[in-house]
Amino acid sequence: MRVELRLHGGLRELLPAAARGRGEVELVPGAAVADLLAQLGVQRKVVVACNDAEVPATHPLQDGDKIAIFSAVSGGLI
Amino acid sequence: MPYGYTGKILHVDLTTGKMHVEQPRPDFYRRYMGGSAMGMHYLLRDMRAGTDPLGADNVLALFNGLLTGTAISGQSRMTAVAKSPLTGCIGDSQGGGFFPAELKFAGFDGIVLRGQSPRPVYLWIKDREFELRDAAHLWGRITGDVEDTLHAELDDKRVEVLQIGPAGENLVRYAAIMSMSNRANGRTGLGAVMGSKKLKAIAVRGTHKPEVADKASLLELTKWGAKTVPTSDVAGLGKYGTAEVVSGQHRAGGLPTRNFNSGSYDDWEKIDGTTLYDTRLKGAENGQQDRFGRDTCYSCAVRCKRVSEVAEGPYKTEHRYGGPEYETLATFGSYCAIDDLDAIIRANALCNMYGMDTITCGATIAWAMECFENGRIGLEDTGGLTLRFGDAAMMVKLTEMIGKGEGFGVLLAKGSAQAAAIIGRGTDEFLITSKGQEAPAHMPQVKRSLALVYAANPFGADHQSHEHDPSYEAYPVRMAQIGLDKPQEKLALNEEIVRYAMVTQHLYSALDSINVCQFVFGPAWQLYDTEQLVQAASAVTGWKITVPELLEVGERRLNMLRAFNAREGIGRESDTLPKKFMKPLSGGTSDGYMIDRNEFEAALDTYYRLCEWDAVTGYPTPAKLNSLGLGWLVVNGKPAPAKNAPGRSAGAKKAGAKKPAVKKPIAKKMAARKPVAKKRAVNKLVAKKQIAKAKTAAKPKPAARKRVVKAKAAAKRRPAARKTAAKSKSAARKR
């Protein structure tokens, strides 16, 4: 399955610079948010929104989901 | 030998021109650690209740901290405290840059300013020598011009200049104290206090780096920080600045929009930190913004400051005035429903040129826009100007009018709360102020502990006085360092959240005393955690500082701020939130969110109980003050000014606090380096007055005769021109 990605702030660096934080990623069926983060190589503390709603790392993903990832700092912590 | 601090505090009486150096005992430094707490010592000791914030009796204290000027990131900070002309309460603000470190290098931990000069002056400090100089030629000029002029006049571009702009001269109630023409001690209007004293600037240059007790340990921490930044939670903050948070705030429904009517701004992307980075930072046109578009404070590895420019068009702006922080993007942007990034950059630059707090300035304009749209003010009030949300040109125009003191800008220069009190007609319905200070761009409706802290903070609504709610759950290991291990659900405002607010408030209060950057040191997402701060402070000073001791320093400072307000009669009745926060937000993730008044009042009760303050008055209790070593503030069972504050230097007690030390005029010395026309030291006038006064004594006693001789000698003395070694400190300066 594929999900649409939007990486905010400093997390943009995980995608090619030209993408400016936007892209798609292929995941195995049944993958959860934690799997996506591992695949992207996210090591920082982050806030994840799936289809505009904040979700935990255990949240199962569906094909076509729109995922936004914010670093903890940019996610509204400060 | 003191480690970390210089042991010297400069006292300046601007009315008489007299100056002296105080050398407090080491226990004074350990009790307060610098910054706000140290400044408050002098305000509480020397000021009376009811002092006019813009009068001669207001005391303006500027202090750096124990770590300032060392090599570790986040240490070049200076706090200003004085009674605020914006709120009538205690005023307090922090700023960074290079001035704080340079002041330490010049030999001082702080400057205490009293009185009012009869004419504009500036204070020139160079390597432990100091003098007041005429500043008539600087008065009325914007910050960049003043900085250039002083660099030329003093023949040294490495001189750091702390100054007020025309807004401070015009007593704009939210005038800032500026340095580098783009760094601000922004909040609570202390630039107006400096303006009321006719002190245009303080120029400093120093070559004496502070001694460090345990260099190896500090170096280890310094290297760890520099190495860790790229993989830390402040990596994005460094690259995209505080502006990085625009997107997240919008997502969380916490981006104040249309004067706090909503927490979501549909056009957020146009004002986001990544957009700023991609399109407006200096060097962005060829991908060189990391090199040219990011600035720093002295010896800091984070480099979060923005350098933006607008090359052409109506908002053309040169890069020396920096770039907008998140707060500024919000107040001039989403608060006013403005998505024109160039206009925001221009408004930010105007604030830096004229010396104004961007938060109160933008928020006051947003308040005026809402008042106009709702018919509470009209063309007769605005001088024919039509105010609408979304009108970028009008926002920029109003910012300039405030800075220049023109037309409707004169009223807006008082801040929204004072303006609403003058206008009436229900304009207070649209205020977003606590204690008369406009709320910054973090929403209590979304992060509930902010409701408590905005209301109870002694100097009004402030977002940098405690750790915000989400961090409790997100950073359990670091929170445990300060005894917080029971994270609560989102939107809770229960006893544990109140305790969280109070404990982190004590820590942030300590950060503002030891004076370090809250993006570099802190209890959660910051580069260094609390235990690392304690390690760094111990390494610098040689003291064995503990986390509880650090928290007590913060609690002491918070109680000093509250005690100042208490003797002004300001207590619980002022710990309030604006009516607007009790109404539901509209749209976005936070649609319908609001503060429940009963829950808020209950939280306030809990907070007073945990703080050990009087539940009815909100004043610190005598028992609490005594427990913090502040018994000298207790008179007749309540906070009051004390006659004998502890910690004064033995020398000051012996000789009398007001006795000036021998001045060290350096005007002639500087003149020898580069002649400047009409370079006249005010000190010389003082010396002449002393001579005249002594001469008129009917029968001068031997001591008086001695003074005459001394004063004559002082007036005639021409210090030998001495070449000062211009030692480069480029290794440490990463500007």
Side-chain angles (χ1 to χ4, degrees), chain A residues 3-25 27 32-62 64-78, chain B residues 229-255 263-264 268-269 272-275 277-279 287 304 326-327 441-443 446-447 463-464 467-475 478 490 518-519 522 524-527 588-590:
Chain A
V3 296
E4 193 176 317
L5 274 183
R6 180 73 196 273
L7 306 185
H8 291 269
L11 294 167
R12 295 202 311 174
E13 319 302 316
L14 295 171
L15 295 176
R20 293 193 169 174
R22 294 176 190 271
E24 286 189 346
V25 66
L27 294 167
V33 167
D35 301 313
L36 170 63
L37 297 179
Q39 188 166 323
L40 288 170
V42 175
Q43 294 179 328
R44 297 177 208 159
K45 214 165 276 296
V46 295
V47 175
V48 180
C50 177
N51 302 323
D52 291 331
E54 191 174 325
V55 293
T58 54
H59 180 79
L61 297 171
Q62 306 291 326
D65 277 347
K66 293 182 177 178
I67 308 297
I69 309 179
F70 305 81
S71 65
V73 171
S74 72
L77 286 186
I78 64 169
Chain B
V229 166
T231 55
S232 73
D233 284 352
V234 297
L237 181 74
K239 185 159 187 173
Y240 300 102
T242 54
E244 184 196 22
V245 310
V246 171
S247 58
Q249 292 286 11
H250 165 75
R251 179 206 61 79
L255 180 60
S264 295
W268 65 269
E269 198 161 3
D272 184 48
T274 52
T275 306
Y277 177 89
D278 291 337
T279 65
C304 70
Y326 162 67
E327 296 294 331
H442 296 266
M443 303 186 76
V446 179
K447 297 184 277 191
H463 62 297
Q464 293 290 127
E467 186 62 45
H468 297 187
D469 301 37
S471 293
Y472 199 170
E473 185 178 15
Y475 295 91
R478 288 188 165 192
K490 188 181 176 187
Q518 297 175 348
F519 296 162
W525 46 271
Q526 296 84 354
L527 180 61
T589 316
S590 56

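Below, chains carry the letters A, B, ... as their sequence lines are ordered, and counting in each starts from 1.
Counting non-hydrogen atoms of neighbouring residues, nucleotides and ligands closer than 6.0 angstrom, the CD atom of B:Glu473 reaches no more than 12 such neighbours.
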Start with the C-alpha distance between A:Val47 and B:Arg251, add both sets of side-chain angles, then the distance that settles side chain to side chain contact (heavy atoms under 4.5 Å, CB included), and finish with yes or no. CA-CA 10 Å; A:Val47 175; B:Arg251 179 206 61 79; 3.5 Å; yes
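A salt bridge (charged side-chain N to carboxylate O under 4.0 Å, His left out) check over residues 234-243 of chain B, counting only residues at least two apart or in different chains, returns the pairs A:Glu13-B:Lys239, B:Lys239-B:Asp290. Note on residues 232-251 of chain B: pairs passing ring pair (Phe, Tyr, Trp, His ring centres under 6.0 Å), not counting sequence neighbours, are B:Tyr240-B:Tyr277, B:His250-B:Trp268.
A donor-acceptor pair is defined here as one N or O able to donate and one able to accept, closer than 3.5 Å; no such pair exists between the side chain of A:Gln43 and the backbone of B:Thr231.
Rounding to the nearest 0.5 angstrom, the gap separating the NE2 atom in A:His8 from the CG atom in B:Asp272 is 8.0 Å.
Taking both residues in full, the closest heavy atoms of B:Glu244 and A:Ser71 are given as OE2-OG, 3.2 Å, listed atom of the first, atom of the second, then distance.
Heavy-atom pairs under 4.5 Å with chain A peak, among B:Thr589, B:Asp233, B:Val446, at B:Asp233.
Heavy atoms of B:Ser232 lying under 4.5 Å from chain A belong exclusively to its backbone.
Remark: B:Glu269 does not engage A:Arg20 in a salt bridge, criterion side-chain N to carboxylate O under 4.0 Å.
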